[in-house]
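We count ligands from 1, going down the list as the structure has it; atoms in each ligand are counted the same way. Here the structure is a predicted model, which means the values were calculated and not measured.
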Amino acid sequence: MTGSKAKVGRVFSGARPTGRQHLGNYLGAIKNYVALQDDYDCVYCIVDLHALTTVESTEDLRQNTYEMALDWLAAGIRPEETIVFVQSHVPEVTELHTILSMVTPLGKLTDLPTFKEKARMQPHNINYGLVGYPVLMAADIALYKADLVPVGVDQAPHLEFTREVVRSFNFRYNTDVLVEPQMKATEVPKVLGIDGQQKMSKSLDNHIELAATPEETRKRVMQMVTDPARIRRSDPGNPDVCNVFSMHKVFSSPEEVAMIDVECRRAGIGCVDCKGILARNLNANLEPFRARRLELGKDPNMVWDVLKEGKERAQKIARQTMAEVRQAVGLP
Ligand code: SF4
C-alpha cells in the first residue's frame, strides 16, 4: 500500500519512548497505527517530554527513542507518508501548553483519576508536570490540528478533556483557530503478560519483545502461565481462562485454534506442546518484522534522519498553528 489513496483527515497519536516494543505495544497500538495510514494523514509522536514527568533517569531516553522508532518503521509505519517525530524537537508545543494552561481550571486537573493515580505511585515526586500532563497532551493534539485521535474506551475521558480545553480556548478568544478533535474509538485489546495476570509491561518483566530472537521468544512462551487449575497433564484444561490460548487466537491458524479448544478441554494436548505451537507461530509471524528491523538497523543514521525529516514536516504545521494562536490571543 502506498500513498496514492486520498486521505480523509489527520490522525494524531503519541507514545512514550519505552525502547524496544513488545507484543502488548504491537497489538494495543502499533498495529492500528499501521492500518490508519491507509485512510488518514497520520502524525505519530514520540512524547519524550511526557516521559520526563515520571522517569527517574534520562540516560536511556535517546536509545529508547531510537529503538522505538526503529520498531515502528520495521512494523510498517511509512515515513514517506506519515510524520514520525520526537515531541521535544518541535518546541512550539511547550508554548501552546503554556497558553492552554491559562484556560484550564486547576481543580479539574487535580481531580483527574490519572493524576491521583500517578501521585499515589510516586508520592516523592508529585511535580507540576504531572498536574499539567493533560494540558500538554491537549497541546500535542491541537498543535497539529488533528481531526481524529485513536483512543480506547478507557482513554475516552482524556480526549474529552482535550476537547474541553480546545473549546475553552476558542470561546475565550472568540476564534475557531483550534480544531476540536473527534475520538476514533479503537478496540485496544488487553494483552496480558507471560504471568497471565497483569497487563504486558516492560517494567513488570512479563513481556515478549518483538525484536527478541526466536530462541528468546520460545523461552518466554514456555514460561507463560496457563490455566492455573490444570495441574497434571491428565487434567482437562479451560482455554477460556488461559493466556496462551488468547495468544493462539491472534497468531495461530483457525484450524489450530479449533483443535486446541477441543483438545485442551479433554486433556488431549499438554501445555508444553500447546506452547510449542504458539512459539512456532509467533516466530513465523514476527520473522518479516525482524528481518526488516535488521535491514533498517544497518544504517545507524536512518532512524535519526527519519525523525529529523518528521520534525521539519511537523514544525511546518506547528509554526502555522502558533502564528494563528498568537494572533487570536492578541500577543503583541
Ligand atoms: S493446553 Fe494450551 S490452552 Fe490449554 S491450558 Fe494448556 S496452554 Fe492453555
Mind checking whether atom 2 (Fe) of ligand 1 has an N, O or S of C274 under 2.8 Å?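 Checking atom 2 (Fe) of ligand 1 against C274, an N, O or S atom does fall under 2.8 Å.
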Out of the candidates N25, I77, V303, only one should pair with W72 under the side chain to side chain contact (heavy atoms under 4.5 Å, CB included) rule; please name it.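 Passing option: I77.
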Under the criterion side chain to side chain contact (heavy atoms under 4.5 Å, CB included), which of K118, Q122, R16 is the partner of T53?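 Single pass found, and it is R16.
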I need the nearest protein heavy-atom contact for [atom]: residue, atom name and distance, please.
atom                    : result
atom 6 (Fe) of ligand 1 : C271 SG, 2.3 Å
atom 1 (S) of ligand 1  : R230 NH1, 3.1 Å
atom 7 (S) of ligand 1  : T226 CG2, 3.4 Å

Could you label the plane-to-plane angle of the W304 and Y66 rings as parallel, tilted or perpendicular, counting under 30° as parallel and over 60° as perpendicular?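 Taking Y66 first and then W304, their aromatic rings sit tilted (interplane angle of 30° to 60°).
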Do you see an N/O/S atom of C264, backbone or side chain, under 2.8 Å from atom 4 (Fe) of ligand 1?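 Looking at C264, which is the residue asked about, there is an N, O or S atom under 2.8 Å from atom 4 (Fe) of ligand 1.
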Give the numbers and elements of all ligand 1 atoms closer than 4.0 Å to a heavy atom of D227.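 Counting atoms of ligand 1 from 1, those under 4.0 Å from D227 are 5 (S).
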Enumerated ligand 1 atoms positioned under 4.0 Å from heavy atoms of C242: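 Counting atoms of ligand 1 from 1, those under 4.0 Å from C242 are 3 (S), 5 (S), 7 (S), 8 (Fe).
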Just checking, is any N or O donor in the side chain of N281 or E256 under 3.5 Å from an acceptor N or O on the other one?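 There is such a pair (donor and acceptor under 3.5 Å, judged by atom type) between the side chains of N281 and E256.
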Sub-4.5 Å side-chain heavy-atom contact between T114 and H158: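 Result yes, sub-4.5 Å side-chain heavy-atom pair found.
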Check: L49 main-chain N/O paired with Q87 side-chain donor or acceptor under 3.5 Å: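 Yes.
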